[in-house]
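Have a look at the structure below, then the notes.
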Amino acid sequence: MKTKELRARKRATVAKLPASLKRLPGTVIVSAQPRCIVAKCFTDKSVFAYRDYNFNSWLPKTLPVSVEIGVSGYELTDTTTEAEMAKVGKKFTNLSQIENLILRTEKGENHGLVTNGYANIFFLQVGASVFMVHAYRYDDRWSLCLYRFSARNAWYAESRFFSPAT
């Protein structure tokens with residue numbers, strides 16, 4: 001197959017970005033993460049103020065090792081459903097990948113996470129189940145909640161969505 005045909009085919013298979021999502025510039029690299037012990041994620045009290053109990057009750061005790069990934073960020077410019085966000089990218093497989101981004105933000109790196117009380121949204125794939133991790137920062141520490149994916153749930157403009165790059 002010719003190069004031109006391959007490029008055209010690739011463009012056709014990439015989902016069109018919904019009008020309510022604006023791609024943030026750049027991609028951040030998250031290094032490979034070891035097997036994640038769920039009970040130990042998001043527990044540093046100097047960084048995390050609240051960690052939803054659903055992490056321990058809905059997820060298995062451990063999540064698998066993850067490979068190095070690039071992460072893309074998107075700003076919600078209008079109310080956006082989880083179904084629209086799910087069309088854009090992939091899902092995280094290890095909570096340590098998300099925790100890594102938050103800890104790096106706390107150290108002063110700017111990767112697009114908002115720290116003004118709006119949501120930072122990450123989808124997490126665990127077997128056949130999909131969850132939504134909601135991370136937000138008020139004042140000086142982060143709070144994290146875990147929800148089951150619901151295509152109808154909608155999130156407000158100014159929130160951010162993060163996905164492993166496609």
Side-chain angles (χ1 to χ4, degrees), residues 13-18 20-24 27-45 47-76 78-105 111-114 117-138 141-166:
T13 60
V14 173
K16 185 175 181 198
L17 191 63
S20 61
L21 291 176
K22 177 180 138 189
R23 176 98 159 59
L24 299 173
T27 300
V28 61
I29 301 300
V30 174
S31 61
Q33 299 294 315
R35 184 175 62 117
C36 169
I37 299 170
V38 171
K40 292 184 178 181
C41 288
F42 313 119
T43 57
D44 180 344
K45 296 293 183 194
V47 177
F48 302 103
Y50 176 76
R51 180 184 180 277
D52 192 2
Y53 181 74
N54 291 340
F55 286 98
N56 291 342
S57 62
W58 290 350
L59 300 178
K61 291 184 186 304
T62 61
L63 295 174
V65 170
S66 68
V67 298
E68 180 178 275
I69 59 170
V71 176
S72 299
Y74 302 86
E75 180 179 0
L76 280 63
D78 198 358
T79 302
T80 307
T81 66
E82 289 178 11
E84 291 171 307
M85 288 183 261
K87 292 176 187 175
V88 172
K90 299 178 182 178
K91 294 153 188 78
F92 291 88
T93 58
N94 183 320
L95 290 174
S96 297
Q97 296 166 313
I98 299 165
E99 186 172 34
N100 178 280
L101 285 172
I102 293 170
L103 294 175
R104 289 168 64 181
T105 298
H111 302 297
L113 274 70
V114 288
Y118 282 97
N120 293 285
I121 302 161
F122 308 85
F123 291 134
L124 178 70
Q125 180 85 45
V126 179
S129 299
V130 177
F131 300 92
M132 197 276 305
V133 176
H134 170 211
Y136 57 99
R137 186 176 189 268
Y138 287 117
R141 293 187 294 162
W142 291 82
S143 294
L144 284 102
C145 298
L146 182 72
Y147 303 102
R148 295 186 189 277
F149 175 84
S150 172
R152 290 175 284 149
N153 283 347
W155 295 87
Y156 298 114
E158 296 187 40
S159 294
R160 301 279 171 95
F161 167 63
F162 296 87
S163 165
T166 54

Partner residues of [X] under the side-chain contact (heavy atoms from CB on, under 4.5 Å) criterion, sequence neighbours left out:
X: T62; value: R35, I37
X: T105; value: L113, T115, W142
X: Y50; value: D52, S143, C145

Centroid separation under 6.0 Å, is that true for the rings of Y118 and Y156?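 Ring centres of Y118 and Y156 not closer than 6.0 Å.
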Assess, by modelled atom type and distance only, whether the side chains of S72 and R23 contain a donor and an acceptor separated by less than 3.5 Å.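 Present: a donor and an acceptor within the cut-off.
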Once rounded to the nearest 0.5 Å, what's the spacing between atom [atom1] of [X] and atom [atom2] of [Y]?
X: L17; Y: E84; atom1: CG; atom2: CD; answer: 10.0 Å
X: L95; Y: L146; atom1: CG; atom2: CG; answer: 7.5 Å
X: I29; Y: N100; atom1: CD1; atom2: CG; answer: 11.0 Å
X: F48; Y: R137; atom1: CZ; atom2: CZ; answer: 10.5 Å
X: K87; Y: K16; atom1: NZ; atom2: NZ; answer: 11.0 Å

Side chains of S20 and T79 in contact at under 4.5 Å (non-hydrogen atoms): no
Taking the side chain as every heavy atom from C-beta outward, state whether V71 and H111 have any pair of such atoms under 4.5 Å apart.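 Side chain of V71 against side chain of H111, heavy atoms only: no contact under 4.5 Å found.
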So with a 6.0 Å cut-off around NZ of K91, is the heavy-atom count from everything else above 12? yes
When the ring planes of Y147 and W155 are compared, do they come out parallel, tilted or perpendicular, using 30° and 60° as the limits? tilted
Holding to side chain to side chain donor-acceptor pair (under 3.5 Å), I want the full list of residues that pass it with R160, two or more places apart in sequence or in another chain.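 If we apply the side chain to side chain donor-acceptor pair (under 3.5 Å) test to R160, skipping adjacent residues, there are no hits.
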I'd like to check the side chain to side chain donor-acceptor pair (under 3.5 Å) partners of N120; sequence neighbours left out, ordered by chain and number. none
Here the salt bridge (Lys or Arg N to Asp or Glu O under 4.0 Å) pairs for residues 92-105, sequence neighbours left out, are R104-E109
